[in-house]
There are 2 protein chains.
Amino acid sequence: MNSTHIELRHLRLLQALSEAGGVTAAAERLHLTQSAVSHQLKALEAALGLPLVERAARPAQLTAAGRRLLALAHAALPQVDAALRDLSKLRDGDAGELRIAVECHTCYDWLMPAMDSYRDVWPAVELDLLGGFQADPIALLLEQQADLVVTSDPTPRAGVTYVPLFGFEMLALLPPGHALAAKKWLLPRDFAGHTLITYPVPEDRLDLVRRVLAPAGIKPPRREAQLTVAILQLVASRRGLAALPAWAVAPYLERGYVVARPIGKHGLWAELHVALRSADAGRAYLADFIDTVRRDSFARLPGIRPLAGGG
Amino acid sequence: MNSTHIELRHLRLLQALSEAGGVTAAAERLHLTQSAVSHQLKALEAALGLPLVERAARPAQLTAAGRRLLALAHAALPQVDAALRDLSKLRDGDAGELRIAVECHTCYDWLMPAMDSYRDVWPAVELDLLGGFQADPIALLLEQQADLVVTSDPTPRAGVTYVPLFGFEMLALLPPGHALAAKKWLLPRDFAGHTLITYPVPEDRLDLVRRVLAPAGIKPPRREAQLTVAILQLVASRRGLAALPAWAVAPYLERGYVVARPIGKHGLWAELHVALRSADAGRAYLADFIDTVRRDSFARLPGIRPLAGGG
DNA sequence: CCATTACATGAACAGTACTCATATCGAACT
DNA sequence: AGTTCGATATGAGTACTGTTCATGTAATGG
């Protein structure tokens with residue numbers, strides 16, 4: 001009979017599987033254990049009487065049946081999400097104000113496209129991006145001057161809720177042909193004697209300085225630049241080294257404009273979170289914005305990874 | 001958050017609810033108890049934070065939120081079903097032979113349109129309708145001369161599986177203005193002294209005779225006609241009484257061509273089942289045909305009701 | 001007004017989807 | 001080869017959620 005017990009959960013699983021390229025990675029996205037995904041997949045295959053993924057292939061390859069189900073997922077899940085959005089609007093109204101403060105300079109790159117696709121779905125929400133560097137953006141939240149803050153520092157504060165966005169790697173940038181490019185990864189001492197090119201922010205807000213160089217007692221001279229391209233240009237013209245998120249430099253790496261190396265054996269990983277007033281946590285248009293941003297990020301940004309408790 | 005735990009089950013529930021017009025009727029369609037549907041509905045409404053049905057309204061009226069979810073169901077569920085069909089085809093192949101024997105004359109009326117919509121979905125299946133009256137159509141199954149038999153008599157036989165289609169009421173037909181039309185329902189003795197107009201089948205295949213008149217010792221004279229319209233014509237011209245399925249005469253009743261009355265206080269209810277070789281029970285193109293027929297019947301035929309174990 | 005029908009509710013049960021712990025597998029590296 | 005490491009599979013146990021059963025309550029119609 002066709003009473004095959006298929007559910008949206010299964011479609012979400014298959015989608016995550018194909019996007020993540022493996023059971024373990026898919027499990028993270030779904031906030032499940034690897035075991036759960038493995039079991040669920042097996043059960044689904046048994047119920048359908050068809051294999052869905054080519055076992056032993058990295059990244060996981062879907063079978064014809066798997067691809068057919070994935071097509072269903074791509075067709076149906078957006079419809080479901082749209083319906084749930086509409087229901088949220090019915091429940092909470094469809095208007096609101098959404099002022100966003102951003103701590104990190106490179107975030108504008110991916111925030112803008114996410115905002116665009118969000119606007120399509122919540123046209124009545126007033127979107128605003130707060131400009132300039134903020135010393136304490138969380139304060140803006142509590143003073144009701146911002147509704148959402150993108151930050152890399154989720155220190156608990158009363159009345160503030162943090163939602164994890166993603167983890168990303170900070171890469172050290174060298175000019176092509178630099179002597180350090182011979183190394184697989186860089187150590188703190190490798191930075192000694194080089195100028196560090198950064199955005200114009202206090203030193204204690206630079207992950208590289210705070211977490212790597214300062215603990216090792218290394219204090220290289222700094223030079224500041226406002227724009228990402230300016231930093232890259234300075235590196236390329238051998239004025240110093242820089243450290244930027246992997247996603248921000250990926251296009252320049254491809255063109256060989258600069259060279260990137262991990263910082264430390266396992267790389268220097270940072271996180272981004274969204275902060276909002278706990279009182280607003282229930283607002284659908286806010287929650288959906290975070291959702292949109294995250295979805296958009298994972299679709300667009302290379303080399304990012306999910307965080308515990310995140311999406 | 002939008003992680004609202006909605007599932008296809010819920011969409012199926014809402015669809016059944018709107019089609020059936022009530023919790024109890026929906027439960028029957030879904031092969032669940034009324035309690036299960038009630039619980040599920042309540043849980044869904046709680047999860048969404050929105051009422052979905054207007055309590056206290058017959059037939060059940062959906063709220064705006066309910067209608068939005070129903071729209072989702074109508075959009076998504078056919079896609080799901082199509083995908084499952086495609087998977088069946090991947091598993092079992094998409095071709096097959098489907099020869100149908102029909103026991104009941106009036107069945108052609110609704111079988112034809114169902115066959116048409118089935119052909120759209122399984123174009124490679126060879127569809128055949130066996131003509132003429134069959135004394136023992138089940139024998140045709142076992143002799144491999146038919147693959148599917150529509151019958152009202154699901155007596156267990158080795159190697160044969162029965163799938164319930166639906167229950168329907170046999171209505172007694174009178175000419176307009178007939179004396180018996182004054183009664184709310186007819187009793188066996190009311191048939192005494194009237195000619196009984198029937199299809200040309202043995203008496204023991206007529207539910208009215210076998211289950212009502214014969215037990216009461218009443219043996220009215222019979223007159224046979226091949227076509228439904230002919231029977232109706234004879235009744236209208238006062239040559240006798242007849243008993244036909246409610247759905248078959250509904251259009252004629254509307255036009256006042258004949259008058260119908262239940263047979264007995266609770267009416268004379270009969271059933272239709274599909275018989276197939278147990279060996280074929282797993283074949284997707286067969287199972288899906290039965291599904292199509294049933295879906296089609298419930299959508300098109302007035303006054304039929306689901307059977308235990310049926311769809 | 002009582003009988004009937006439809007829906008709601010609570011407790012108990014059953015089935016299922018998880019997690020945890022452990023085993024197996026395959027590839028890369030000595 | 002053997003070893004190590006990452007990724008997937010498997011089994012047992014658990015927590016949870018969906019379902020049923022039994023009963024209560026609210027409307028409906030003769």
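As the structure is a computational prediction, the values presented were derived from the model and not from experiment. Residue numbers start from 1 in every chain, and the chains themselves are labelled A, B, ... in the order their sequence lines are given, proteins ahead of strands.
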Legend entry - Rounded to 10 degrees, the angle between the two terminal axes of the helix from C:dC1-D:dG30 to C:dT30-D:dA1, each from five pairs: 30°
Please produce a list of atom pairs where a protein N or O lies less than 3.5 Å from an N or O of nucleotides 24-30 of chain D.
none

Legend entry - N/O (side chain, A:S38) to phosphate O (OP1/OP2, D:dA9) under 4.0 Å: yes
Inset, instruction - Classify every nucleotide of nucleotides 12-20 of chain D by which part a protein heavy atom approaches to under 4.0 Å, writing B for the base, S for the sugar-phosphate alone and - for neither, in 5'-to-3' order. - result: B-----SSB
Inset, instruction - Sorted by first residue and then second, give each ring pair (Phe, Tyr, Trp, His ring centres under 6.0 Å) pair with at least one member in residues 169-188 of chain B; sequence neighbours left out. - result: B:H178-B:H194
Inset, instruction - Go through the structure and list residues passing salt bridge (Lys or Arg N to Asp or Glu O under 4.0 Å) with A:K42, not counting sequence neighbours. - result: none
Just the atom pairs and distances: protein N or O near nucleotides 27-30 of chain C's N or O, under 3.5 Å.
none

Legend entry - Those residues that, when tested against B:E54, pass salt bridge (Lys or Arg N to Asp or Glu O under 4.0 Å) (two or more places apart): none
Inset, instruction - Measure the CG-CG distance between B:L84 and B:D291 for me, rounded to the nearest 0.5 Å. - result: 10.5 Å
Legend entry - All side chain to side chain contact (heavy atoms under 4.5 Å, CB included) counterparts of A:A181, not counting sequence neighbours: A:L174, A:V259, A:R261
Inset, instruction - Please work out if B:T24 contacts a base, only the sugar-phosphate, or nothing of the nucleic acid, heavy-atom cut-off 4.0 Å. - result: sugar-phosphate
Inset, instruction - For C:dT9, take OP1 and OP2 only and decide whether either is under 4.0 Å from a side-chain N or O of B:K42. - result: yes
Legend entry - B:L72 backbone acceptor or donor facing A:Q79 side chain under 3.5 Å: no
Legend entry - Of residues 45-54 of chain A, the positions that come close to DNA chain D - non-hydrogen atoms, cut-off under 4.0 Å: none
Legend entry - Separation of A:L186 CG from A:L268 CG (nearest 0.5 Å): 11.0 Å
Inset, instruction - Go through the structure and list residues passing salt bridge (Lys or Arg N to Asp or Glu O under 4.0 Å) with A:D92, not counting sequence neighbours. - result: none
Legend entry - B:R211: salt bridge (Lys or Arg N to Asp or Glu O under 4.0 Å) partners, not counting sequence neighbours: B:D207
Inset, instruction - Sequence neighbours left out, what passes side chain to side chain donor-acceptor pair (under 3.5 Å) with B:R300? Give chain and number order. - result: B:D296
